[in-house]
Structures are given as structure tokens and as C-alpha cells.
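Below, read A as the first sequence line, B as the second, and so on, with proteins coming before strands; counting in each chain starts at 1. Because the structure is predicted, anything quoted here is derived from the model rather than measured.
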Amino acid sequence: MVRVIGHIDLDYFFAQVEEVENPSIKGRPVAVCVFSGRTKDSGVVSTANYKAREFGVKSGMPIVLAKRRLEGRDPIMIRMEITKYEAVSERIMELARSHVDILEEAGIDEAFFDLTIGSRGDFNSAASVARKIKETILEGERLTCSVGLGRSKAVAKLASDSAKPGGLMVVSPDSTMAFMGSLNVGNLYGVGPKTVKTLEGLGIGTIAELARADVSLLQDYFGRKLALYLHAAANGEDDDPVEERQEPTQFSRIITLKSDTTDAEEAMNQLTEAADDLRSRLISRKTSFRTLSAIAILTNLSTKTRSKTFETPIWDLSIVKNALADLFSQLSDSADREFRRVGIRLSDLSANSDQKSLAEYVGEP
DNA sequence: GTATGCTTTCGGC
DNA sequence: TTACGGCCGAAAGCATAC
């Protein structure tokens, strides 16, 4: 059975939400920014609307540089409000979910869906559903999105990329290679700059070239699993299923220090608010963790982590304070540079499901 | 050899 | 000229057990 897979992507999401909230800014360059608080304009652009992109402003760009690019162009620089976008995202995901068989959220502004059953394998019928989803989101939230349909997640993702902004791209199984063969490998889902560079060294630049590449050669450079995935994805044949996401697998909080430090204790002191936030997340989600990590981003912007896994689940972050201090001191010992940003990650999570505990007690004396 | 568990890094948005 | 966040999930890399 040929699958019918879709990918939906909200256009320049954070900035578009801001435009909907304040339509008078439409037509001007808009950049939604993360201000780190270190200096007045330290931080990066999270999302820019298309007007701002015309001037070369894009995600991850330092705010000061973006401001320079937009000088004299009447720009709007907006502080990112993540909870606002989360609320909008949640409503949109439910709208979309009601039209498809399965919806897999893949970040705050995108999702994969499976329409194999709903469309009975027919791409035309799936295209009608996709148009309906786009309409519903436009009417309900005034937001535009891009949708791609294809025979696999990798193809659907490429299709939605090519539909940006605001379009619908349908790639039938027959047209898969014609559609993506000439695209660069870097366009493939899961292929970042690093992988592109390695592939380049192997003389592989396009998806068609990757599709023809020798799998055992790829294995030497990427390991078995990634090599098989790359090859399958390039052939439009990856069988990665669309699955409803379960609970998050990690929580983390990371902050930028006012000034760099080599002092682990100083780093810890700056993290009390982040730790409190993580503690309340554990409580509100009735979740425990087993792995605790200290994260440091050094002056040269490289990332270092040290972690510790406990034998039993930990419900209260405060009882492992000493362990955290230990991890940070390990980091400061191994790092030959200063900390610029520091953070805490909790992973290996498990939820205390009330239903499960009830079930456990059934039949107990 | 395969399975499993833990640590660290990577890539995406 | 330089400039620089805060998350997430996945998997590579390594060790150990069988």
C-alpha cells in the first residue's frame, strides 16, 4: 500500500502571529527576537517575516546585525512571547488533527500527518483535504501555512518547503524523483550543513546522486542507521511512520550570563530561577527524571555537557543540588574557556500516570 | 554478534 | 569589523552483558 503522507508548516510562524495580533505592522519588516539581557540588543532573531528576509534578515542572526540590515526601513523588532505562540499552535494542531488519520507534531509550527486511510490512497482526494485544512486555519486563526503531500515524510517535508509560502504541493509517487532529484541534499529532512559537507567530499551534491550512491560507502561515513535512512529518503522510500507524539522526553532551561565566568558556583547561583521553573514543571506534569545534565555554552559558542543518571526516578530537583554542582565543576575543569551561557536539562522522564497507579492497585488486598 | 544503557554531540526551528 | 537563544528530539560513541 502506498502511503499518503503530508507535512504542514505555518509560514514564518511567530512573526505571522504578531502580524495577526497587530495588522498595522503588515508590509513592514518584522523580526521576532530573543533578547538575552546581556546588553541592550544582545540576542538573536528567532523569526523574520518575508519583508525582513528581503533584506537578508533570518533566524539565528544577531539582533544588532539585523537592526543594521533594516536601518531606515521602518522595522519592527518584537520580543518573543513563546506562551502566546504555544496557545495558537495548540488550537491549530487540533484543527488539523480533526481532518486526518494521524497527526505528529514536529515542533511548534509544523506537523506530519497520515491520510492513507482517509484518502483511500488517492492523492487527489488527499489534496482536497489539504486545501480544507488550509482554509480552516485561515478562517479560524487568520494564518497561512504551506502544505506538502508525498509518499513519505521526507518527500512531504520537501514538498511543503517548495510550497512556501502559503502553497500546496502535491508530489504523487510517480513524480517523486522528477520532483526532488535535482534538489540539493541539504534540502532533505535531517541533513544539516555537516552532513552536506561530508557528502560533498564524496562527490554527492543532489538528491538523485545520493539516491544512486553506494550504501556501504555511506555507512563508512555516517554509520549504518543514518546511511540507510539517507539512501531511502533520497529514493523517496523512507518508511518512517507518522506517530502521535507522546509526552516530552526532556525538559531544559538555559540562560545567558550577564558576563562570562569560569566559576562553577557562580554559574549555579545564576540558575536558581531556571531550577525553580524546572521544579514546577516536574510538579505540574507529575513527572520524574533519572538523568540530570549541566549545560555550558563557552565563550567561543561551543557547547559542553556533563550528565549523571540516577538509579531511581527523582521527583524533586532540589535533592540533587549537590550532584548538579558537581557536574558544573566537572565542566569548569574540562573547559579551557569561560562559560557564556549555562543551563540544566532533565531527561529520562517518566510520568506518574494516575490511571496506571489505579490499575496497579486493582486486585491488591 | 546483538541488545541495552548511559553520555555527549548534533541538527532543526 | 564583530556581533550570537532557548529550546527540542535523535543518534553517535562507548561500555557492558549475554
Enquirer: Looking at A:E94 and A:R91, does any basic side-chain N land under 4.0 Å from a carboxylate oxygen?
Expert: no
Enquirer: For DNA chain C, which residues of residues 77-92 of chain A approach it to below 4.0 angstrom with any heavy atom?
Expert: none
Enquirer: Tell me, please, which residues at least two apart from A:F289 pass ring pair (Phe, Tyr, Trp, His ring centres under 6.0 Å).
Expert: none
Enquirer: Identify which nucleotide among C:dA3, C:dC7, C:dA10 has an atom closest to any side-chain atom of A:S252, counting heavy atoms from C-beta outward.
Expert: C:dC7
Enquirer: Got a sec, which residues hit salt bridge (charged side-chain N to carboxylate O under 4.0 Å, His left out) with A:D214, two or more places apart in sequence or on another chain?
Expert: none
Enquirer: Just by modelled atom types, is the A:M268 backbone N or O under 3.5 Å from a matching donor or acceptor in the A:T272 side chain?
Expert: no
Enquirer: Of all the nucleotides listed (C:dA3, C:dG6, C:dC8), which has the minimum atom distance to the side chain of A:V64?
Expert: C:dA3
Enquirer: Under 4.0 Å, heavy atom to any atom of DNA chain C: which of residues 41-56 of chain A qualify?
Expert: A:G43, A:V44, A:S46
Enquirer: Take the protein atom CG of A:L278 and the nucleotide atom C1' of C:dC8, then report the distance between them rounded to whole Å.
Expert: 14 Å
Enquirer: If I take atom CZ in residue A:R38 and atom P in nucleotide C:dC4, what distance separates them, rounded to the nearest angstrom?
Expert: 7 Å
Enquirer: A:R212: which residues meet the salt bridge (charged side-chain N to carboxylate O under 4.0 Å, His left out) condition with it, sequence neighbours left out?
Expert: none
Enquirer: Do the non-hydrogen side-chain atoms of A:F123 and A:V171 ever get within less than 4.5 Å of each other?
Expert: no
Enquirer: Could you pull out all residues at least two apart from A:E110 that satisfy salt bridge (charged side-chain N to carboxylate O under 4.0 Å, His left out)?
Expert: A:K157
Enquirer: Take the protein atom CG of A:L65 and the nucleotide atom C1' of C:dT1, then report the distance between them rounded to whole Å.
Expert: 11 Å
Enquirer: Tell me every residue that passes salt bridge (charged side-chain N to carboxylate O under 4.0 Å, His left out) with A:R142, counting only those two or more places apart in sequence or in another chain.
Expert: none
Enquirer: Say you pick atom C1' in B:dG12 and the same atom in C:dG5; how far apart are they, in whole Å?
Expert: 14 Å
Enquirer: Any side-chain N or O of A:R341 under 4.0 Å from OP1/OP2 of C:dC7?
Expert: no
Enquirer: Below 4.0 angstrom from OP1 or OP2 of B:dT7, is there any side-chain N or O of A:R306?
Expert: no
Enquirer: Any protein N or O atoms within reach of nucleotides 4-6 of chain B? Criterion: under 3.5 Å, listing atom names and distances.
Expert:
| from | atom 1 | to | atom 2 | distance (Å) |
| --- | --- | --- | --- | --- |
| B:dC6 | OP2 | A:R290 | NH2 | 3.1 |

Enquirer: Assess whether a salt bridge exists between A:R245 and A:E105, defined as any Lys/Arg side-chain N lying under 4.0 Å from an Asp/Glu carboxylate O.
Expert: no
Enquirer: With nearest nucleotide decided by heavy atoms, which residue, A:F251 or A:L301, maps closer to the 5′ end of DNA chain C?
Expert: A:L301
Enquirer: Whole angstroms only, please: what is the CZ-P distance between A:R253 and C:dC7?
Expert: 5 Å
Enquirer: For the pair made of CD in A:Q330 and P in B:dT7, what is the distance, rounded to whole Å?
Expert: 10 Å
Enquirer: What integer distance in Å separates A:I108:CD1 from C:dG5:P?
Expert: 20 Å
Enquirer: Has A:T249 got a side-chain N or O lying under 4.0 Å from the OP1 or OP2 atom of C:dG9?
Expert: yes
Enquirer: May I ask you to verify if any side-chain N or O of A:K157 is less than 4.0 angstrom from the OP1 or OP2 atom of B:dC13?
Expert: yes
Enquirer: Quickly work out the A:E110 CD to C:dC7 P distance and round it to whole Å.
Expert: 19 Å
Enquirer: For A:D240, give me all partners under side chain to side chain contact (heavy atoms under 4.5 Å, CB included), at least two apart in sequence or on another chain.
Expert: A:K153, A:D238
Enquirer: Taking only N and O in the side chain of A:R68, is any of them less than 4.0 Å away from OP1 or OP2 of C:dT2?
Expert: no
Enquirer: May I have the step-by-step check of side-chain contact (heavy atoms from CB on, under 4.5 Å) for A:E243 and A:I102, ending in yes or no?
Expert: CA-CA 7 Å; A:E243 291 172 320; A:I102 312 166; 5.6 Å; no
Enquirer: Ignoring backbone atoms, establish whether A:S36 has a side-chain N or O less than 4.0 Å from OP1 or OP2 of C:dG5.
Expert: yes
Enquirer: If you go through the side-chain atoms of A:R345, does one of them form a donor-acceptor pair with the base of B:dT8 closer than 3.5 Å?
Expert: no
Enquirer: Whole angstroms only, please: what is the CZ-C1' distance between A:F112 and C:dA10?
Expert: 14 Å
Enquirer: Under 4.0 Å between any heavy atoms, over every strand shown, what does A:G343 touch: base, sugar-phosphate, or nothing? Just pick one.
Expert: nothing
Enquirer: Do any pairs count as a salt bridge (Lys or Arg N to Asp or Glu O under 4.0 Å) and have a residue in residues 1-16 of chain A, sequence neighbours left out, and if so which ones?
Expert: A:D9-A:K164
Enquirer: Which listed nucleotide (B:dT9, C:dA3, C:dG6) is nearest to the side chain of A:P62?
Expert: C:dA3
Enquirer: Sort me out a list of protein N/O and nucleotides 16-18 of chain C N/O pairs below 3.5 Å, or just none if empty.
Expert:
none

Enquirer: Is the number of heavy atoms from other residues, nucleotides or ligands under 6.0 Å of A:E90 CD greater than 12?
Expert: no
Enquirer: Closest approach to the side chain of A:T256, judged atom by atom: which nucleotide of C:dA3, B:dT9, C:dG6 is it?
Expert: C:dG6
Enquirer: Reckon A:S59 touches a base, only the sugar-phosphate, or nothing at all at heavy-atom distances under 4.0 Å?
Expert: nothing
Enquirer: Between A:K51 and A:E54, does any NZ, NE, NH1 or NH2 come within less than 4.0 Å of an OD or OE carboxylate oxygen?
Expert: yes
Enquirer: Whether A:R38 and A:D260 form a salt bridge (side-chain N of Lys/Arg under 4.0 Å from carboxylate O of Asp/Glu) is what I want to check.
Expert: yes
Enquirer: Excluding sequence neighbours, so at least two apart, what forms side chain to side chain contact (heavy atoms under 4.5 Å, CB included) with A:K308?
Expert: A:F310, A:A323, A:L327
